[in-house]
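Here is the structure we will look at, set down as structure tokens.
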Number of protein chains: 2
Amino acid sequence: MREALLDHAEALLSQHGFHGVTVRQVASAAHVDPALVHYYFDTKSKLFDAVFLRRAEIVNAERIAAMETYRQAAGSDIQIEGCIEAFLEPIVRHSVQGDVGWKNYFRLVALVNSSSGWGGETMARYFDPVIRKLVQLLRLCMPQASDENLFWCYHFLSGALTLSLSETGRIDRLSEGLCTSTDHLAIYHRLVPFAAAGFRRVCLHGGAPDNAP
Amino acid sequence: MREALLDHAEALLSQHGFHGVTVRQVASAAHVDPALVHYYFDTKSKLFDAVFLRRAEIVNAERIAAMETYRQAAGSDIQIEGCIEAFLEPIVRHSVQGDVGWKNYFRLVALVNSSSGWGGETMARYFDPVIRKLVQLLRLCMPQASDENLFWCYHFLSGALTLSLSETGRIDRLSEGLCTSTDHLAIYHRLVPFAAAGFRRVCLHGGAPDNAP
DNA sequence: GTCTATAACTGGATAGAC
DNA sequence: GTCTATCCAGTTATAGAC
């Protein structure tokens, strides 16, 4: 029952945000009484935290493991592409497997990530350790890079990723059906080289074009 | 009065989203009666639309003009960097001038852009013409590029841009003060080369690394 | 654990005085 | 144009029966 409530809360919150969903709606979606929500989670706010935490722990562990595995496999030949792949792979895998729960969760993360009020703090609380690990790994293949450039480039990657995960249907309309918001494999195969090229350009060549004289 | 209401609504909506702000809060912030909000804008929903539309018209016209100017100045030597610069310049200019109204507005746009429910439709309604113009311009310097790749790369640029505009304070914390969310000039000087390199890699080299054999 | 009932409050919206 | 007063639907949350 607790899990079912989390599932429905996750789906609704990811579409309408914290203030756009009522406890009654969550209860109704799970076909239970609203009072049960308070029984299990006390307050609406704690329900939100529970939703956010549940999958964060799982995906964070997977990402840490994927990056560690790559670091050891690559030895001294660490590539930017490999770091970003390891960072993204667990997310994409869950999405591509078609698990609707995971898709809802990633939409929620995307929404929180661009909420200026409490978004920054919430994201930091749950995800900063993983990101520090990525930056640390990227420093290994770009020892010349300044921390400032590394953090900004990560920031751009984060924005590109979270917009993709939010599946707003925007690109579908824009491309008149040529691209599909939910096609996370298409995203993965383009975002890795896109971001890697961006990192390389900004962090290694100081912003000068690759084809500069 | 109408303008004052729009200003306060803009500030509040950009921080808490549509459902996180009440008509009463907007009225209170502007030191007027709640009934006045309904007098001027009829419904809360129409107030939101008015906020969104007000600056969209201005910035869209500026972006169209900037891209047209660049196209004519560049002649047959159109560069990816130049296209992206023209696309971003009006936004960055308003932000850098320190106008708090514009900053609030861009935060609101960022929030809407990653709202899965109505976000996609709302953004499309207001901003698609400008984006089509950018893609059209980019096609001129990358005639080999597939539309699919062009749209996906724009999508990544859009995500990186809107996360930056949302000023969540996330990068400040992450970088321990080295980078500042509100430093839109730092963003501009890095996002242009970052995105240009990404476009070049994905659209021209099909995802293969620049340093590939 | 689950539900009924209800408290205590806040939301958007409107009618009508001035 | 602006404010008072108010309607009423909907909100979180709780006390207590079963």
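Below, chains carry the letters A, B, ... as their sequence lines are ordered, and counting in each starts from 1.
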Start and end of the DNA chain C segment that chain B contacts, any atom under 4.0 Å from a heavy atom: C:dG11 to C:dT14
Presence of salt bridge, B:Arg54 and B:Asp7, under 4.0 angstrom: yes
A:Arg55 with A:Glu62: basic N within carboxylate O range, under 4.0 Å: no
Strand-adjacent residues in residues 30-38 of chain B, judged by heavy atoms under 4.0 Å from DNA chain C: B:Ala35, B:His38
From CA spacing to verdict: side-chain contact (heavy atoms from CB on, under 4.5 Å), B:Val59, B:Trp102: CA-CA 10 Å; B:Val59 76; B:Trp102 277 104; 4.0 Å; yes
Close side-chain approach of A:Phe18 and A:Leu111, heavy atoms under 4.5 Å: no
Min side-chain heavy-atom separation A:Phe48-A:Leu108 under 4.5 Å: yes
Reported CD-to-CD distance for the pair A:Glu3 and A:Glu10, which is rounded to 0.5 angstrom: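 Spacing of CD (A:Glu3) from CD (A:Glu10) equals 9.5 Å.
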Gap separating the CG atom of A:Leu6 from the CZ atom of A:Phe41, nearest 0.5 angstrom: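 The CZ atom of A:Phe41 is 4.0 Å from CG of A:Leu6, to the nearest 0.5 Å.
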Verdict with supporting geometry, A:Arg201 and B:Phe194, side-chain contact (heavy atoms from CB on, under 4.5 Å): CA-CA 6 Å; A:Arg201 166 85 168 270; B:Phe194 184 93; over 6 Å; no
Sugar-phosphate, base or nothing in reach of A:Tyr40, heavy atoms under 4.0 Å: sugar-phosphate
Proximity to DNA chain D (any heavy atom under 4.0 Å), residues of residues 13-27 of chain B only: none
Donor on one side chain, acceptor on other, A:His184 and A:Glu167, under 3.5 Å: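 A:Glu167 and A:His184 do have a side-chain donor-acceptor pair below 3.5 Å.
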Mutual orientation of the aromatic rings belonging to B:Trp152 and B:His155 [parallel < 30°, tilted 30-60°, perpendicular > 60°]: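 Perpendicular, since the angle between the ring planes exceeds 60°.
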